[in-house]
Each structure stands twice: as C-alpha cells, then as structure tokens.
Amino acid sequence: MSARRHTISVLLENKPGALTRVTSMFARRGYNIESLAVGPTERHDVSRITLRVDCENQPLEQIEKQMHKLVNVLRVQELVPGESIERELALLKVAAPPSARAELMALGEVFNARVADLGPDSIVFELTGSPEDVDAFEELVRPHGLRELVRTGRIGLTRAARGANRSRPKVLV
Amino acid sequence: MTGADAILRALEAEGVEVVFGLPGGSILPLYDAMARGTTVRHVLARHEQGAGHMAEGYARASGRVGVAIATSGPGATNLVTPIADAWMDSTPLVCITGQVRSSLIGTDAFQECDITGITIPIVKHSWLVQDVEELPHVLKAAFHVARTGRCGPVLVDVPRDVQEAELDFSYPDEVSLPGWKPPRRGNSRQIAAAAQAVAAAERPILYVGGGVVNADATAELRALAETARIPVVTTLMAKGAFPESHELHAGSPGMHGPKWSNWALNKADVIVAVGARFDDRVTGKVSAFAPGALVVHLDIDAAEISKIRHADVPVVGPLKPVLAELARELGARALPGRTDAWLAQIAQWREQFPLRYGRDGGQLKPQRVLETLRDLTAGRDDVVWTTGVGQHQMWAMQYLECDRPRSFITSGGLGTMGYGVPAAIGAKAARPDATVVCVDGDGCFQMTSQELATAVLEELPIVVVIVNNGYLGMVRQWQDMFFEERFSQIHLTHAVPDYAQLARAYGAVGLTVESEEELEGALAEALACGRTAVVDCRVDPREHCFPMIPAGAAALDVIEYAPERDAEALAL
Ligand SMILES: Cc1ncc(C[n+]2csc(CCOP(=O)(O)OP(=O)(O)O)c2C)c(N)n1
Ligand SMILES: [Mg+2]
C-alpha cells in the first residue's frame, strides 16, 4: 500500500454526533482529510461517509482500525481504484464576457458540463464526473476567470460486478 | 417511575455496589431518587476529580466498572481529568452527568456545558439521552461498552427533564450495538504461528502490559511463562500481573526500570507483547528499541497492532483464551532447557546492575521509605498500593514488591498528579479487608488532599505516605539533568503545609518523620492504626531517580546512579 491518498467509504449509524466522532478522531490522530461527503443510504438509519485521506504520516490500516473502534461505525472499506466508481459534483462560476462565451460553452460540452445559470458576464457550470474530470475542467476554465467554485467532495461505491459485500475490510483477527 | 429512578434501578441491575459523586442542580432528581432508596452506596467526594479517580481506583482494585456522578457544567468538566486518565489506562468507567433541561440546551443556560462534545476524544463512547425511554438501553450499553473489548471510560449525559420524566422501566437483557463487535477469540493459525516463533527463540521474553490485568488473564500468563520458562517483564501498568518474587520475573522495563530489565527486553530475539502498547516511556527511541527482535503482539485492540512497532505475528483477541491456547501450543513444541542460558544471562545482569542510591548518611533517603514499606508489608497478600506521579511513583515501582494483580494502582498513561489519594479511597471501597497505602509526593498530595475528608467521614481508611522532598521532584530532576540546573518554579518547601497537622485537621492520624530512626516506627504505626493516617516523610530533595533513560534516547543508553555525585555533595 504505497499510494498516499486513499478513498474510504464508511457506513455510520445515523445517530447524533456520529459524524463528529469520526472527524474528531481524524483530527486527534493527525490524519489529514482531503474531502469528506456524507449523506443518506438505502437504509434510513445508516449514513455513508466518503472520505479522501492523505496517509503521509499514518498507514491506511491504522486509520481503518481506529475507525472500527468507534461505536457508531458499522463498516469501513477502502474504495480501491479500478474496483470502484468515484464521482464528484462541482459548480463553477466563470467570467464570461460575450466574446468568451462560445469557447466556454464548447469546453463545457466536451466535459458534459451543464450550464446551470447564465448571467450578463458569467456562466455557472454544473459538472458531474470523476474527480479527475472535475480537476481537468477546473484547470481549463481557470484562465478565463474562475470567480467561485464549490465541489461536493468525492462519493463512491464499489463496482456493480464485484458485489456489494466483496471487499470486507482487512481486519486482523 | 422517573428517569432518575430508572438510572438507579439500572445501576442495581448491573450489580453496582458503590458510586462516587457530588450533586448539583442538573443532577438533583437523581440524588432525590437516591434519598428515596437504593441499594447502591454513594460516596460523597469533595471534588468531582476526586470522585472520578475514586471510581478508577475502585475499578482497578475490583475488576469491575467504576461509576462517577457529577452535575452539569463545572461538575462535568471536573470529571474530564479522570476520564482522560481512564482512557489512557483503559480503566472501565461509567460517568453519569446531569445536563440542563433539553429545552435549554444550546442557549448557554446556567451551568450548561457540552460535556459530550468536550470528551469525544477521550471516551470509548458517550450518550446525550434525549428521551427517557432510551435510558435503560443507554445504561445497559454504557456498562457493556466500558467493560468489553479494550476497557475504558464512557459518559452518559442526562438532561434534568429526562431524569424527571416518567417511563415504564424494564432493563434489557441484551444490548443492540451493531457497530460494537470486540473480537471474541484469537485466530488459531496466528496463535500456532506465535507458538512456533517462541519455540524457536533463543532469547524470548514476555513483555506484559496492563491489558493482562483487564483481561483477568494473569493465571494464564503464569502458566505460559512457566510452560516454556520464558522470562517476564511487567510494565508499570502490569506491576503485580506476574509475581515479582517469581524466578522468571525480570523486572520492569522503561524510563526508570532497572538496567537489567531493559537489557533483558532490548536484547531478546523474540518479544511477546501481551496487552502492552510499546509506550514511549517503555521503548525509548523506537528505532533503537530491541533491534532485530521478532515481535509477537497479543492484544484485544487491533489498532495497537503495528501502531508503534511492526508486529511480525499479530494475534487479536481476548487475552485469557489466547494465552491459554498459546501455552497449549507451546507446551507441545518447547524444548526443555532451551531458555536456560538466557535466564542465566539475565540473572547475571541482575547481579551486575542492582538498583543503587546514595548512602551518604545525611538526610533520610526517599528510597529508604519505599524499602521500609516493602519490608513492613512483606508476605502480606492484603496490601493495595496507589501512587501519585513523579519520582516517588518511580521509586514505588522500583522498590515495592507486588505478587498479585490489582495490588498496584497508578496513573500510567496520563501521569495524573493527584491520582493517588482518591484512587486509594476507591480501592478501599473495593477491598474493605485490605490495607490501602497511597505512596504520594508532596506536590501530588496537595492536588487532591481534600479527599482526606471523604476517607475519614465515609469510613474508608487509607494510609498516605508522603515522600516529602519539598519539591516537584521529578521536574527538579529534569531541570537538573537537562536544563543545566536552572531550577524554575519547583520549590514547595518541606514544611508548608504541615502535613501531619493538616491530617489531624481532617480527623486523621498525622505523623512526621525526619530521620531514618523514626521511619519504621511511624510507618508501622500508620499501617496498624486502622484509621486514615498521613505519614509525612521529609526526605533528601537532592536524590534523583536512577537509572534513567532520557526521553527520546535509546533504551540501552541508560544514565545510572553515580556515587561520585554523593562524594561531591558531601564535600560541599
Ligand atoms: C496534573 C499534573 N500537572 C503537572 C504534571 C507534571 N509533573 C510530573 S511529576 C511532577 C512533580 C510531582 O511532584 P511531587 O508530587 O512532589 O513528586 P516527586 O516527583 O517530588 O516525588 C510534575 C509537576 C503532572 N504529571 N500532572
Ligand atoms: Mg516532591
């Protein structure tokens, strides 16, 4: 496990304070969170967090094991690249004087970015894609004047073919 | 019944004998329910920190869950230190705090404080009870979480209106905690691999931590050690987990452990860590710790495996069955006599590097106090020790001899000054038959001495032996050794307060010892008097605790006692 960055999917009991316990543990142990997305799942009493962590100082295994110790955490799973799908949603407000509009629209089309709003001198793009696609689009529009940007942080699932239960966390027992 | 009654019925159902606490506004309904009747004894502390450490001392002496109760706001924040202490030392603790009424939460109401938020990093889990119907399940879960898996503290915060609300009480038989699944057994293949590694070792050692005591696995540990004749070092938290008088006991490793113990651990070829966590106070510089040794790590907590030192053979599981299985596996493989040369080597180091201290004939030496206590209690199986934190604690570790688990209770991981006196009171509540002796520092004693009132009035008599060097001695030692003798803010004086008079003011026995001649008589009197007693032993402040591995140094780079120092001091 040499890569520094990993995506972890965590199933969490939907209880007050549960998310705080996870983020507090990360802060206390000095683990770096690059992005975090949380939302409901197919079960009303369970939430899913997708975390992007930088494992510079701590091996991923240690982070997973510390998460397992939290009483509200039901399951911890690494989303291994290639075996999982990751997506991110971004809204980008880009400066768009009439002279630049056509070029921006063309760029957007290449990335399947939707025009969510259009103003006299700016465009708001809505883009859903792999985090890498979002990165690339962001870089391309930046020279035009990226006025505001918001990204949800990545969310992910294991691939359909692999079955929902395949990749059990590697816990030493 | 009310929520407050439900809390008491839950405590009774859990078999709780005694709780430690101090009331206030937000917890009044619970105290009112106590007044209406319960089988649970309440010990009134003088400070919630005291209540928390009492609950810890009770837990550590008895092996059961300790319970502390406090009101909201400052009552709850006063529990933070004991909670952190219990977290670091894996002491099972249930803290019950009152909270302001639900309708006031979030309004900065009088004595409102987000205690569940404050304690998140130092509890296994916590609950803010929002509905009285949840109470029975929450309390069941609280006790379950505190004592299963790796033990530790939990907190239940109960708003006043929840304590007053009515419910139909029934205590659940089982808890439903889908996210809490401590390991139930060790992996047999891993245990076999561990046995293989140990059987092949030339210089094996069992490095035993407090987890063995929590797991109630000391008999299994002993059987394992004796089966394959493996020497055993016990950490501060495990003092007494293996009989210190046993021929296989190889002392205590770490910053102030005897040199021969650190040599035994660091020169082993296979280290079997059992419920120990490679704490920096044990390992010294990790990269230089036991170089080349193969590590077998047995622990209930998977997160301890390879956290500090890579484990070549990890076994995650409850230590009692794991150790028993390992002993069985090893019994079939171990060759008789294989460790004889290694044991002889350790015995030789032991001869070569005894503990030493100055005998310049001047002031009473602190180490003499501990030696005398050891001799006066030799052979007794009814003595429980607690300590403060500092030089006196390390001397207690070095000189006292404990042959039984749960007979040495100290603040290890957090190093909490003020732990000793209240922990002793809690231990006395757990072991009324035992003589409970707190070996305290003059600095530590002053942090929680008000609990002498609790000891006297609750009839939980303890003996406090103050190793009074007039200084924050351990800090003095560091300033002397590592800050070029620039002493800064450490002088307490021997005489203020007059500890014997202070003890008498609390209705306790107070004795002062100023010379070696008075020492034995005073200690014997205190041990025999059956009352709470304080023995103020005024000792030589210049004495340092040796040997010492400086923080961050390699464990083999020990600084030892140098007799020249004494000669110099005498010449002055
Ligand atoms: C609550 C707390 N504050 C500060 C410290 C830092 N500290 C560690 S040992 C020590 C000195 C303790 O003095 P004393 O109780 O007299 O014991 P001695 O070392 O003199 O035996 C101090 C201040 C601590 N461990 N705990
Ligand atoms: Mg002192």
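Chain naming here is simple, since letters A, B, ... match the order of the sequence lines and numbering starts at 1 in each.
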Shortest non-hydrogen contact from [X] toward [Y]:
X: A/Gln62; Y: B/Ala303; answer: NE2-O, 3.0 Å
X: A/Leu74; Y: B/Gly179; answer: CD2-N, 3.6 Å
X: B/Pro121; Y: A/Arg28; answer: CB-CD, 3.2 Å

More than 12 heavy atoms of other groups within 6.0 Å of [X] [atom1]:
X: B/Lys320; atom1: NZ; result: yes
X: A/Lys93; atom1: NZ; result: no
X: A/Glu139; atom1: CD; result: yes
X: A/Glu34; atom1: CD; result: yes
X: B/Arg184; atom1: CZ; result: no

Examine whether an atom of [X] lies under 4.5 Å from a heavy atom of chain A, and if so say whether it belongs to the side chain, the backbone or both; otherwise answer neither.
X: B/Ser126; answer: both
X: B/Glu304; answer: neither
X: B/Arg189; answer: neither

When heavy-atom pairs shorter than 4.5 Å are enumerated against chain B, which of A/Leu12, A/Leu70, A/Leu11, A/Val71 gives the highest number? A/Val71
What is the distance from atom [atom1] of [X] to atom [atom2] of [Y], rounded to the nearest 0.5 Å?
X: A/His68; Y: B/Asp301; atom1: NE2; atom2: CG; result: 12.0 Å
X: A/Glu13; Y: B/Trp180; atom1: CD; atom2: CH2; result: 12.5 Å
X: B/Lys307; Y: A/Lys65; atom1: NZ; atom2: NZ; result: 10.5 Å

